[in-house]
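Structure first, commentary second.
Here is the naming used below: chain letters follow the sequence lines, and residue numbers restart at 1 for every chain.
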Number of protein chains: 2
Amino acid sequence: MSENFTPDSSLQQQMETFEETCRTADLKLTHQRLEIYRELAKATDHPSAEMLHKRLQKTMPTLSLDTVYRTLTTFEQHHLVKKVQTVDSQARFEAQMVQHHHLICDSCKEIMDFHWNSFDSTPLPADIRQWGTIRNKNVTIHGTCQKCQALKKVKKRT
Amino acid sequence: MSENFTPDSSLQQQMETFEETCRTADLKLTHQRLEIYRELAKATDHPSAEMLHKRLQKTMPTLSLDTVYRTLTTFEQHHLVKKVQTVDSQARFEAQMVQHHHLICDSCKEIMDFHWNSFDSTPLPADIRQWGTIRNKNVTIHGTCQKCQALKKVKKRT
DNA sequence: GCTCACAGTAAGAATTATTCTTATTTGCAT
DNA sequence: ATGCAAATAAGAATAATTCTTACTGTGAGC
């Protein structure tokens with residue numbers, strides 16, 4: 001696995017930053033918030049609210065789906081998580097706030113992060129910069145991941 | 001307005017290509033399909049199904065919203081239109097199939113096309129290419145358009 | 001350590017976007 | 001022109017997300 005896929009910080013470190021941000025933002029550190037954030041932070045597959053809820057129910061059986069949605073929305077407002085844009089109906093989320101880009105497999109819908117420093121430092125065409133104030137620029141790559149390609153080949157044979 | 005924002009083909013030309021594609025794909029050229037496609041093709045704001053429906057109801061009062069959704073889905077399957085990914089709940093559509101990128105205003109939600117040839121011809125980092133088969137790579141820029149910036153300034157003063 | 005105000009939660013109802021069902025209509029090959 | 005498969009309209013149904021309400025737990029101030 002190469003440089004471009006390396007994660008940016010340890011979970012421990014990320015949890016501390018999270019708690020710090022909550023305190024500063026006057027967000028109460030509830031059990032639910034901590035667990036929802038931890039679950040999202042440790043996930044690499046950009047889960048939907050429903051997926052997170054399903055994973056957390058194992059250890060928190062009374063956790064409601066609504067709380068997951070509400071909490072994610074709160075986190076988003078405080079720039080602790082991001083909603084990932086997809087063409088599918090369910091929204092997907094990530095706790096990775098460091099500049100990065102996405103590889104999306106159109107077959108299994110998996111979303112993977114990658115870094116591309118040379119792109120990040122390339123200036124935009126001059127006339128685009130006149131459009132307004134630019135907040136960020138991101139690359140989204142669509143295709144079929146290795147795993148799904150392999151599956152397709154097997155299916156063809158049978 | 002500069003090179004990067006130039007449209008790619010006239011509406012007339014685009015309608016002819018559309019009709020040709022429908023005939024080849026055994027899609028009946030119904031009044032609804034023609035009008036929905038024309039409305040989307042002439043739009044530059046990447047409308048949602050609902051927005052298209054509203055615009056078309058003026059001339060086609062009995063057109064159902066379901067037909068708009070169903071027709072757009074059919075078009076998408078035949079690569080006549082594309083669903084544009086946004087973080088918002090309503091899907092947005094475009095008839096522009098030539099390679100291009102998007103500027104999204106987070107304030108008014110307007111989506112604008114732009115071209116960036118030097119990016120299009122830049123190869124991806126080698127290890128990304130190993131992820132699988134890449135179908136396309138697109139840049140999405142988020143920010144605030146000039147219009148909304150101007151509005152914000154007015155609001156601050158009052 | 002205790003108390004209390006209020007932010008946060010669970011559960012279920014409500015809303016919004018999209019899709020399905022069914023009866024009717026229409027494009028187009030013959 | 002005729003027949004028929006495909007497409008449509010209307011309203012019902014579903015899926016994703018958000019709201020309402022009553023209850024609970026956090027953490028600031030004592």
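Taking only side-chain atoms of A:Lys28, from C-beta outward, the nucleotide of D:dA5, C:dT18, D:dT26 with the closest atom is D:dT26. When distances are taken from the side chain of B:Leu27 to each of D:dG27, C:dT18, D:dA7, the shortest belongs to D:dA7. Checking D:dT26, D:dA5, D:dA16 against every side-chain atom of A:Tyr69, the shortest atom distance belongs to D:dA16. Which of C:dA10, C:dT18, C:dA17 sits closest to the side chain of A:Leu63 comes down to C:dA10. Here C:dC20 is the nucleotide among D:dG27, C:dC20, C:dA10 with the atom lying nearest to any side-chain atom of B:Asp66. Relative to the side chain of A:Arg33, the nucleotides C:dG8, D:dC19, D:dA9 differ in distance, and C:dG8 lies closest. Listed candidates were C:dC28, D:dA9, C:dG12. Nearest to the side chain of B:Leu29 is C:dC28.
Phosphate contact (OP1/OP2 of C:dT25, side-chain N/O of B:Gln32, threshold under 4.0 Å): absent. An OP1 or OP2 oxygen of C:dT16 is reached within less than 4.0 angstrom by no side-chain nitrogen or oxygen of B:Ser89. For D:dT8, the OP1/OP2 oxygens have a side-chain nitrogen or oxygen of B:Thr30 closer than 4.0 Å.
Nucleotide D:dT26 holds its C1' atom 14 Å from the CD atom of A:Glu19, rounded to whole Å. Atom CG of B:Asp88 and atom C1' of D:dT18 are 15 Å apart (whole Å). Following rounding to the nearest Å, B:Glu35 (CD) and D:dT8 (C1') show an atom-to-atom distance of 15 Å. In this structure, B:Leu65 places its CG atom 8 Å from C1' of C:dT18, rounding to the nearest Å. At whole-Å resolution of the value, NE2 in A:His78 and C1' in C:dA7 are 12 Å apart. The distance between atom CD of B:Glu76 and atom C1' of C:dT19, rounded to the nearest whole Å, is 14 Å. Rounded to a whole Å, the CE atom of A:Met60 is 16 Å from the C1' atom of C:dA11. Taking atom CE of residue B:Met51 and atom P of nucleotide C:dT16, one finds them 18 Å apart after rounding to whole Å.
Both A:Leu40 and A:Leu56 are part of a single hydrophobic cluster, where members link through side-chain heavy atoms under 4.5 Å apart.
Judged purely by atom type and a 3.5 angstrom limit, B:His46 has no side-chain atom pairing as donor or acceptor with the backbone of B:Val84.
Counting non-hydrogen atoms under 4.0 angstrom, B:Arg70 reaches a base of the nucleic acid. Residue-level contact check: A:Ala49 touches neither bases nor backbone, having no heavy atom under 4.0 Å from any strand.
Nearest approach of A:Thr144 to A:Cys105, heavy atoms of both residues: CA-SG, 4.0 Å.
Residue-to-nucleotide proximity on DNA chain C shows that, of B:Glu50 and B:His31, the 5′-proximal contact is made by B:Glu50.
For A:His102 and A:Glu94, the side-chain atoms include at least one donor-acceptor pair closer than 3.5 Å.
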| task | Would you sort out whether A:Arg55 and A:Asp45 count as a salt bridge (Lys or Arg N to Asp or Glu O under 4.0 Å), showing the intermediate values? | result | CA-CA 13 Å; A:Arg55 288 173 202 178; A:Asp45 60 345; 2.6 Å; yes
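A cation-pi geometry, defined here as NZ or CZ lying under 6.0 Å from the six-membered ring centre and within 45° of its normal, holds between B:Lys137 and B:Phe119.
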